[in-house]
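Let me begin by presenting the structure, written as structure tokens, before commenting on it.
Here the structure is a predicted model, which means the values were calculated and not measured.
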Amino acid sequence: MTDAAPEHASRLVVQQSFPRPRPTTNPYLVMLRDAVGAVPGVEVRTFDWKGALLGRYDVFHVHWPEILVSGQSPLKALVRQALTVALVTKLRLTRTPIVRTEHNLELPSGISRRERVLLRWIERRTALWVRLNDETPEHADALGALIPHGHYVDWFARWPWPSREAGRVSYFGFIRRYKGVDGLVRAFRDVRGDDRRLHAAGKPSTPELAHGLEQLAADDPRVSLDLRFLDDEDLIDVVRRAELVVLPYREMHNSGGVLTALSLGRPVLVPANEVNARLADEVGADWVRQYADELGPDDVEHALDAASRLDDDARPDLSARDWDRAGEAHVAAYRRAIAATRGRRAVGGRRARP
């Protein structure tokens, strides 16, 4: 194979690891595609195996590589794993850098030994890691770029935004054990006030988890559940009708959910950690309230009282997370990765130092 060089020296072709967006695609990926593609001289391609294996492009940007090596059946997983081996081999032979956005710090749990080996191989081949916040550790053996997670204000602007309901607390998003929704329901059952309500909405990962939440909620008429996937309009309704959004994740590092609530003008209550502390410094403590240890009813009550003092039409300052900045920053990161990997003039950039 030969270098996958573009037709013009200034043109940059970016191959993303996600397929053409569907209604259920994470909006972060859609906005990233659009923001990078809006930079002059840049072409963005979404993923399919034929294009990734046979196409010519300058950089491969991967987000959740476990998707590449997994399948709905053992046979499909094996086929995908073989294709992944072919893809990474192609990238190595053509000196096409891998850029990886580090959404999660650890490999997924419950994966096979073969998947783990392939994911570690992709990590070793990564030329540049995109960190979404300051608390993500840097990789000593690779380049790095800090590009904050963009906001969702423009994404949600196409739909109407309902007004809040006093005393309403909401949780939204996929319901998994580590997200602590069961702990939120338990804490809320001891929150004082018949005029306060909790609405938890999202699709549980297992029937057992759904059944457990239904049992917890059955004893308190103030608690309601909507255990299904939320489209964008449903999500806006759940968030905007709330006075406070609570996201009680037991593990929280890069949370698109927090930025979703803030983009929709609703304050959040989240676990205390360095990432959330920095976000509170950025947008204001009135918008990002934190609790220590296990979530308790007092945490919810105090956060609700504070949220009630915000105007319904108030908005946090999310200007540091505008997508035009993110698009330009990603393109600069791609060019650095190309220069470092090829050891010669980057596409449209200066020659890399030896």
Side-chain angles (χ1 to χ4, degrees), residues 12 14-18 26-39 42 44 58-65 97-107 122-155 249 251-260 262-263 268 270-284 287-288 290 316-341 346-350 352-353:
L12 177 67
V14 180
Q15 175 66 65
Q16 294 284 349
S17 68
F18 54 87
N26 186 331
Y28 172 86
L29 299 177
V30 182
M31 291 187 289
L32 174 65
R33 178 202 63 179
D34 294 344
V36 171
V39 178
V42 179
V44 180
D58 299 296
V59 61
F60 182 70
H61 186 176
V62 63
H63 296 269
W64 291 275
I98 297 174
V99 170
R100 164 86 177 274
T101 296
E102 197 161 11
H103 295 277
N104 302 312
L105 296 182
E106 303 293 338
L107 293 180
I122 293 172
E123 288 183 357
R124 291 195 300 273
R125 295 293 308 162
T126 297
L128 184 145
W129 294 80
V130 174
R131 297 179 298 131
L132 298 177
N133 65 68
D134 288 336
E135 297 304 314
T136 301
E138 296 188 62
H139 293 257
D141 56 348
L143 297 173
L146 175 62
I147 307 176
H149 194 305
H151 62 63
Y152 297 102
V153 176
D154 299 330
W155 178 264
Y249 301 178
E251 303 168 16
M252 178 175 282
H253 187 71
N254 294 310
S255 175
V258 174
L259 285 172
T260 295
L262 295 176
S263 297
V268 295
V270 291
N273 62 32
E274 289 298 323
V275 173
N276 290 332
R278 286 180 180 271
L279 184 58
D281 289 340
E282 177 186 338
V283 303
W287 291 100
V288 179
Q290 303 174 72
D317 182 5
L318 297 172
S319 58
R321 298 170 181 273
D322 287 344
W323 277 100
D324 54 351
R325 296 185 184 183
E328 294 171 356
H330 275 89
V331 170
Y334 298 149
R335 297 193 189 283
R336 289 175 59 210
I338 294 167
T341 300
V347 178
R350 296 181 178 179
R353 293 182 179 180

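- In summary, the aromatic rings of Tyr152 and Trp323 are positioned with their centroids too far apart to meet the 6.0 Å limit.
- The only member of Val331, Ile98, Thr341, Val99 that meets side chain to side chain contact (heavy atoms under 4.5 Å, CB included) when paired with Val59 is Val99.
- For residues 135-155, the pairs satisfying salt bridge (charged side-chain N to carboxylate O under 4.0 Å, His left out) are Glu135-Arg278, with sequence neighbours left out.
- Between Ile122 and Pro65 the shortest heavy-atom distance is CD1-CB, 4.1 Å.
- Asn104 meets the side-chain hydrogen bond (donor to acceptor under 3.5 Å, both in side chains) test with no other residue; sequence neighbours excluded.
- The side-chain contact (heavy atoms from CB on, under 4.5 Å) search around Ala145 returns Leu128, Ile147, Ala333, Arg336, not counting sequence neighbours.
- In terms of heavy-atom proximity, Val44 sits nearest to Gly37 at CG2-N, 3.5 Å.
- In this structure, the side chains of His330 and Val130 come closer than 4.5 Å at one or more pairs of heavy atoms.
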### Task
I would like to know whether Tyr334 and His61 meet side-chain hydrogen bond (donor to acceptor under 3.5 Å, both in side chains); could you show each step before the answer?
CA-CA 9 Å; Tyr334 298 149; His61 186 176; 2.7 Å; yes
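- One finds the CZ atom of Arg131 at 5.0 Å from the CG atom of Leu146 (value rounded to the nearest 0.5 Å).
- In this structure, the side chains of Leu12 and Val39 stay at 4.5 Å or more apart for every pair of heavy atoms.
- In this structure, the side-chain contact (heavy atoms from CB on, under 4.5 Å) partners of Pro148, at least two apart in sequence or on a different chain, are Arg321.
- Applying the ring pair (Phe, Tyr, Trp, His ring centres under 6.0 Å) rule to Phe60 yields no partners; only residues at least two apart in sequence or on another chain are considered.
- Asp281 is linked by a side-chain contact (heavy atoms from CB on, under 4.5 Å) to nothing, counting only residues two or more places apart in sequence or in another chain.
- Looking at heavy atoms from C-beta onward, Leu29 lies out of side-chain contact with Arg33 at the 4.5 angstrom threshold.
- Note that CD of Glu328 and CG of Asp322 are 10.5 Å apart. Values are rounded to the nearest 0.5 Å.
- The OH atom of Tyr28 sits 4.5 Å away from atom OG1 of Thr101, with the distance rounded to the nearest 0.5 Å.
- Under the side-chain hydrogen bond (donor to acceptor under 3.5 Å, both in side chains) criterion, Gln290 pairs with no residue, sequence neighbours left out.
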### Query
What do the steps show when you test Leu262 against Val288 for side chain to side chain contact (heavy atoms under 4.5 Å, CB included), and what is the final call?
CA-CA 9 Å; Leu262 295 176; Val288 179; 4.1 Å; yes
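- Scanning for side-chain hydrogen bond (donor to acceptor under 3.5 Å, both in side chains) contacts around Ser263 gives an empty result, with sequence neighbours left out.
- Distance CG/Asn26 to CG/Leu32: 10.0 Å, rounded to 0.5 Å.
- Every residue meeting the side-chain contact (heavy atoms from CB on, under 4.5 Å) condition with Glu102, not counting sequence neighbours, appears here in chain and number order: Leu105, Trp129, Thr136, His139.
- Taking His63 as the reference, Gln16, His103 meet the side-chain hydrogen bond (donor to acceptor under 3.5 Å, both in side chains) condition, with sequence neighbours excluded.
- Put simply, the side chain of Asn273 gets close to the backbone of Met252: a donor and an acceptor are under 3.5 Å apart.
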